[in-house]
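Structure record follows, encoded as structure tokens.
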There are 2 protein chains.
Amino acid sequence: MTAMTVELTAVTGLPMIRPGDDLVGLTVGRLAAEAKSLRDGDVVVVAQKIVSKVEGRLVRLSTVEPSDLALALARDTDKDPRLVELILSESRRVVRSRPGVLIVEHRLGFVGANAGIDQSNVDGGEGGETALLLPENPDASAERLRAAFFDRTGRSVGVVINDSFGRPWRIGTVGIALGSAGLPAIIDRRGDADLFGRTLRVTVIAHADEIAAAASLVMGQADEARPVVIVRGLEARGPSLPASALVRPPELDLFR
Amino acid sequence: MTAMTVELTAVTGLPMIRPGDDLVGLTVGRLAAEAKSLRDGDVVVVAQKIVSKVEGRLVRLSTVEPSDLALALARDTDKDPRLVELILSESRRVVRSRPGVLIVEHRLGFVGANAGIDQSNVDGGEGGETALLLPENPDASAERLRAAFFDRTGRSVGVVINDSFGRPWRIGTVGIALGSAGLPAIIDRRGDADLFGRTLRVTVIAHADEIAAAASLVMGQADEARPVVIVRGLEARGPSLPASALVRPPELDLFR
């Protein structure tokens with residue numbers, strides 16, 4: 001058994017990210033400015049908000065026309081009808097609604113509040129209030145970032161796009177992986193023997209979610225303060241699988 | 001904004017832990033053997049399994065007499081009736097049961113499979129099959145460990161007792177905090193302003209759960225391989241709160 005250390009380091013000094021920004025160039029530039037560089041096997045964790053921003057997933061609320069369903073649901077949940085319209089347009093179905101609460105199944109299968117749409121920390125500028133949607137396809141975004149890091153540095157890194165989600169049964173949010181590339185989002189060790197030779201039973205590990213939660217520890221609470229974190233020292237353990245593998249199929253879920 | 005690095009380091013070379021072992025003495029001894037030491041503000045994450053073991057929470061299945069309810073539920077779930085009896089004795093109520101699945105609300109409020117009772121990696125010895133229950137009171141266990149670390153080293157550390165739990169909606173397990181001491185298990189920033197001066201809305205962070213998940217990354221999959229992890233570099237941010245604060249009260253939960 002070897003010593004095992006994992007290091008989580010925030011990339012500091014990034015500017016406020018804007019649509020169209022070159023996230024990889026900015027990150028590599030900041031690392032170079034601090035005499036740091038990426039290594040093969042590093043995992044770069046990027047906050048969903050800045051990925052959504054560079055991808056232009058901002059919507060001005062003044063441009064949104066709420067449907068009758070959105071109007072009714074907005075009344076039930078005490079939310080802005082235009083925001084509810086956006087939430088519905090990003091979702092497959094409503095899972096729970098209560099005053100102040102709208103939990104939906106996002107079109108990509110994520111279950112959470114408001115389809116991951118956020119108004120905080122988004123600079124509306126002069127166009128009025130804006131909302132920020134999740135990336136169109138976070139696994140594809142992660143793969144693009146991974147390819148760009150390789151092009152720029154020659155290093156093969158993993159990428160995780162994380163976001164803070166609430167959970168049933170427990171208070172508070174934790175970082176989870178919305179998208180990933182170049183690493184096993186889940187590690188399936190069913191059938192392996194444990195230290196006593198007995199077969200391990202519950203051994204599907206949500207590896208990318210654990211990476212996402214760990215990175216949240218250094219991102220700070222106002223998510224954009226330190227939106228990129230380098231994770232170094234993880235054991236490579238298993239074939240690459242995207243974060244979509246973390247979504248439990250509805251028919252295998254006992255809680256929706 | 002300062003640079004921010006968090007380091008997760010497994011304590012290596014610990015022996016297989018047995019009931020009554022001095023976990024703190026063993027940990028401090030292994031650190032010293034590698035010329036390491038604890039610092040004020042470090043968080044020591046300890047796997048639930050070894051805490052349960054030192055506390056003698058092993059039960060020989062041959063000593064368990066299943067009730068009629070346990071027998072019926074064992075049939076429904078394809079589980080050992082003696083194990084089901086233990087699960088029920090540790091629980092407030094059954095949340096879901098299906099063939100192969102028994103999700104309960106543990107007497108301490110944790111919702112999960114089998115009341116956290118584990119048979120893997122537990123050395124039954126000659127007495128036959130054994131099960132390992134969660135610690136009687138994980139927050140109290142964490143507090144005792146924290147006090148013992150202080151007595152032994154003069155260092156004021158935080159302690160988290162972690163375990164791997166499944167979640168609704170997502171595949172795989174992640175590390176969560178069953179018990180903690182000397183740190184804010186949750187950080188409540190509701191009402192603080194974000195980077196744009198807008199009020200943050202969803203800002204209760206499950207800090208101890210994120211620490212628990214991060215530590216899982218270096219513990220290895222067979223949990224006892226590296227059951228103690230030192231987390232260094234976390235920002236101190238808020239009053240100490242035990243992990244019991246992470247349990248969502250049933251009346252505020254939409255999913256049980």
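Quick note on labels: first sequence line is chain A, next is B, and so on, each numbered from 1.
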D76(B) and S97(B) side chains, donor-acceptor separation under 3.5 Å: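 Short answer, no.
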Donor-acceptor side-chain pairing of T12(A) and E34(A) below 3.5 angstrom: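 The answer is yes; a qualifying pair exists.
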Side-chain touch V6(B)/R232(B), heavy atoms, less than 4.5 angstrom: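 Result no, sub-4.5 Å side-chain heavy-atom pair not found.
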pair V43(A)-L234(A): side-chain heavy atoms closer than 4.5 Å: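 Of all side-chain heavy-atom pairs linking L234(A) with V43(A), at least one is under 4.5 Å.
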Is [X] close to chain A through its backbone or its side chain, or both, or neither, when contacts mean heavy atoms under 4.5 Å?
X: A245(B); value: backbone
X: I211(B); value: both
X: L217(B); value: both
X: V101(B); value: side chain

Heavy-atom pair count under 4.5 Å with chain B, highest-scoring of A177(A), G166(A), G112(A):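 Answer, by heavy-atom pair count under 4.5 Å with chain B: A177(A).
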Between I176(A), T9(A), V111(A), V174(A), the one whose heavy-atom pairs under 4.5 Å with chain B are most numerous: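 Ranked by contacts with chain B, first place is V111(A).
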Given that the side chain runs from C-beta out, which part of [X] has a heavy atom under 4.5 Å from chain B: side chain, backbone, both or neither?
X: R96(A); value: side chain
X: L254(A); value: both
X: V95(A); value: side chain

P249(B) to I171(A) - nearest heavy-atom pair and separation: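 Here P249(B) and I171(A) meet closest at CD-CD1, 4.2 Å.
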Which of R98(B), E210(B), H207(B) touches chain A most, by non-hydrogen pairs under 4.5 Å: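 Between R98(B), E210(B), H207(B), the count favours E210(B).
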Presence of salt bridge, E7(B) and K36(B), under 4.0 angstrom: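 Salt bridge flag = no for E7(B) with K36(B).
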Other residues, nucleotides, ligands: >12 heavy atoms within 6.0 Å of R93(B) CZ: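 Enclosed.
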